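Structure record follows, encoded as structure tokens.
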Amino acid sequence: MSRDEMMDLQGKRLHKLVELVYHHVPFYRDKMQALDITPEDIRTIEDITRLPFTTKQDLRDNYPLGLQAAAQSEIVRIHASSGTTGNPTIVGYTGRDIEIWKEVAARCLTAYGVTRNDIFSVGYGYGLFTGGLGVHNGVEYVGASVVPTSTGNTEKHLRLLRDLKITGIACTPSYALYLAEAMDKAGMTKDDICLRIGAFGAEPWTENMRREIEDRLGLQAYNIYGLSEIMGPGVSYECECKDGSHICEDHFYPEIINPDTLEPLGRGQTGELVFTTLTKTGMPLLRYRTKDLTSLMEGDCPCGRTSVRMTRIIGRSDDMLIIRGINVFPSQVESVILEMPEFEPRYMLVVDRVNNLDTLQVQVEVRKDYFSDEIGVMLQLKRRLSDRLKSILSISADVKLMEPNSIPRSEGKSVRIQDRRQLK
Amino acid sequence: MVTKQISIFLENKRGRINDVTKVLAANGINMDAFCIAETSDFGLMRLIVQEVDRAVEVLRSADFAVIVTDVVNIRCRNVPGALSSVLEKLAGQDIFIEYMYAFSRSETADVIIKPNNLEECIRILDGLSLDNR
């Protein structure tokens, strides 16, 4: 598709989208009216810069279903991801959304070279997280055999890889390295398995990790990108050139903005990635700020695809952490700590990677009045906090009880986090 | 007899106990006994001093997390079997000991215990003379 044809298509879809949200989502109608624009004003894709942004905070303010455009009877599936505090982010999909998702996920897999002859293991979590079911549907759509391995049972995963002669796998890149580690321990080598294609995403990774994964598992490793607010895995993908991820821009229109001034940035400039869901009908979003920092690449890809490519995610414009593929906001931890009077509202999150698995330690100060001279009471307090964190964050955290005044005071947010993972 | 124990919550790191002893030393406070219960990330230092109020004051002003707990000090003869006979009595009357530590002098030994039921524990001990301990 030529650039002109693509822009023409995007413009038409954008107009339809704006009509949809204007008439069905009061949140957007109010915002557009405040800006004095109607759907009639939005005709070409260039008009998109006139539209309002959407933030994670907006999703939270409209929890749970306030931004849904479709009637509940049209919604066929609901996923949820972590919100910045207590409330998760809820995303409802219509049947048509699921069809599109399946199609874009299949596009990714096809670009990696997956065919109906492959046996493909999905090692992302199944459930509220979009990773598992998203890739699963794509694999089925391609016609390959899907093995819904999910997360957690590495020993069984290895056995299935070997015994079923599984040829493709999707999981987080750190889990791929963990699998390689487990393979070594089990006395297996890459010659004992038949993997040839790996789709890795849900967390940032590096060229060094790619080389190591490819070397140790004997496969070609490709990036897959997505986020549940926009769809799930399948928003962008690497082709055989492994040089940037092609965005399915006929469905997800990308922009790069300066996160401080909100001004659009040009090709090649690094800023915050923003997506507009051109075709979604369940919970369509205008100019959703992903907070992921990247740039859109200039020039055509040697693979022949004309869709625009994004570079690796180089960071975040907020303080979200991705731990074992799960999004964690320091504010979630804070809300749990504030609920418990035993603790000072001071904490430090220490993130590390041990044996290729991310670890999270939450250091928290115990209030002077709540100490006990009995170890058992203190351990129980520690347990209560870690149980509560687990239920809110969906990952387990190691709680470390600290003396009052031992965590450095600071105004800045970033000081609450020590990320010791070496990803650069 | 009931005595006051000072408990200090300490991060499990090098030099932290000495931070406490330095404060006590600077203020001329002597420790009669102490013990430390530790976990992988924190420890509890429990101590017995003569000047409890002053010790608490100087430790708190040095920013330590300090609490004061009532514990039972049992003085018994410093001979084999003395402690055993006391504990036998307590166990026989359903007293559970949360923790304990001891220090001995030449003729006598002092045992600090934290019972689950302080009043009951004292009542039982009052019925025992030193010779029986």
Side-chain angles (χ1 to χ4, degrees), chain A residues 333 336-337 340-352 354-355 359-390 396-410 415-418 420, chain B residues 2-20 23 33-49 52 55-73 96-101 112-118:
Chain A
V333 175
V336 170
I337 289 171
M340 297 176 66
E342 295 90 340
F343 299 109
E344 294 281 351
R346 316 255 179 221
Y347 59 90
M348 174 80 83
L349 306 185
V350 181
V351 188
D352 208 343
V354 180
N355 291 330
T359 59
L360 170 64
Q361 183 182 70
V362 176
Q363 301 181 349
V364 61
E365 289 180 9
V366 181
R367 295 257 294 259
K368 282 185 178 166
D369 322 339
Y370 282 93
F371 281 107
S372 166
D373 58 316
E374 289 172 32
I375 289 277
V377 175
M378 298 301 285
L379 291 178
Q380 206 181 2
L381 180 62
K382 183 171 157 165
R383 163 72 70 85
R384 271 208 294 138
L385 177 59
S386 67
D387 286 353
R388 184 84 188 114
L389 285 171
K390 170 120 201 219
S396 47
D398 168 38
V399 169
K400 185 172 183 190
L401 301 183
M402 306 287 285
E403 291 177 43
N405 301 312
S406 60
I407 294 174
R409 271 32 177 178
S410 156
V415 190
R416 292 193 205 138
I417 303 167
Q418 281 179 23
R420 297 175 180 160
Chain B
V2 176
T3 191
K4 300 278 182 203
Q5 170 191 268
I6 294 173
S7 300
I8 311 170
F9 180 89
L10 295 174
E11 192 186 337
N12 204 348
K13 72 173 182 196
R14 185 167 313 173
R16 201 59 188 135
I17 296 170
N18 190 32
D19 292 339
V20 175
V23 169
F34 76 89
C35 83
I36 287 169
E38 90 282 359
T39 69
S40 59
D41 48 334
F42 66 89
L44 289 168
M45 183 174 184
R46 303 169 181 136
L47 47 133
I48 303 292
V49 297
V52 177
V56 168
E57 192 188 313
V58 298
L59 287 168
R60 285 202 174 136
S61 60
D63 256 349
F64 284 102
V66 177
I67 54 168
V68 178
T69 323
D70 283 338
V71 291
V72 177
N73 184 343
F96 177 80
I97 295 172
E98 312 277 2
Y99 58 77
M100 68 187 287
Y101 51 102
I112 305 292
I113 68 170
K114 168 84 184 278
N116 60 338
N117 184 338
L118 191 98

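Note on naming: letters A, B, ... go to the chains in the order of the sequence lines (proteins, then strands), and numbering restarts at 1 for each one. What you see is a predicted model, and the numbers here were worked out from it, not measured in a lab.
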| field | chain A contact via B/Ile6 - which portion, at a heavy-atom distance below 4.5 Å | value | neither
| task | Kindly give the heavy-atom pair with the smallest separation between B/Ala37 and A/Ile375, and that separation in Å. | result | CB-CG1, 3.6 Å
| task | Please step through side-chain contact (heavy atoms from CB on, under 4.5 Å) for the pair B/Ile36 and B/Leu44, ending with a clear verdict. | result | CA-CA 6 Å; B/Ile36 287 169; B/Leu44 289 168; over 6 Å; no
| said: Are A/Val333 and A/Leu389 packed together at the side-chain level, in the sense that at least one heavy-atom pair is separated by less than 4.5 angstrom? | reply: yes
| task | May I ask you to test the A/Met402-A/Val364 pair for a side-chain heavy-atom distance under 4.5 Å? | result | no
| request: Count the heavy-atom pairs under 4.5 Å between each of B/Val71, B/Leu10, B/Ile8 and chain A, then report the option with the highest count. | output: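 Heavy-atom pair counts peak at B/Leu10.
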| request: Kindly write out the residues that satisfy ring pair (Phe, Tyr, Trp, His ring centres under 6.0 Å) with B/Phe9, not counting sequence neighbours, or none if the list is empty. | output: A/Phe371, B/Phe42
What are the sub-3.5 Å donor-acceptor pairs between chain A and chain B, distances to 0.1 Å?
unit_1: A/Asp373; atom_1: O; unit_2: B/Arg46; atom_2: NE; d: 3.1
unit_1: A/Asp373; atom_1: O; unit_2: B/Arg46; atom_2: NH2; d: 2.7
unit_1: A/Asp373; atom_1: OD1; unit_2: B/Lys114; atom_2: NZ; d: 3.3
unit_1: A/Asp373; atom_1: OD2; unit_2: B/Tyr99; atom_2: OH; d: 2.4
unit_1: A/Asp373; atom_1: OD2; unit_2: B/Lys114; atom_2: NZ; d: 3.2
unit_1: A/Glu374; atom_1: OE2; unit_2: B/Lys114; atom_2: NZ; d: 2.8
unit_1: A/Lys382; atom_1: NZ; unit_2: B/Asp41; atom_2: OD1; d: 3.0
unit_1: A/Lys382; atom_1: NZ; unit_2: B/Asp41; atom_2: OD2; d: 3.2
unit_1: A/Leu401; atom_1: N; unit_2: B/Asp41; atom_2: OD2; d: 3.3
unit_1: A/Glu403; atom_1: OE1; unit_2: B/Arg16; atom_2: NE; d: 3.3
unit_1: A/Glu403; atom_1: OE1; unit_2: B/Arg16; atom_2: NH2; d: 2.5
unit_1: A/Glu403; atom_1: OE2; unit_2: B/Glu11; atom_2: N; d: 2.6
unit_1: A/Glu403; atom_1: OE2; unit_2: B/Arg16; atom_2: NE; d: 2.7
unit_1: A/Asn405; atom_1: ND2; unit_2: B/Asp63; atom_2: OD1; d: 3.4

| said: Distance check, rounded to the nearest 0.5 Å: B/Ile112 atom CD1 versus B/Ile97 atom CD1? | reply: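 Result: 12.0 Å between the selected atoms.
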| task | Using a cut-off of 6.0 Å, state whether more than 12 heavy atoms not belonging to B/Ile67 lie near its atom CD1. | result |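 Yes, the 6.0 Å shell around CD1 holds more than 12 heavy atoms from other groups.
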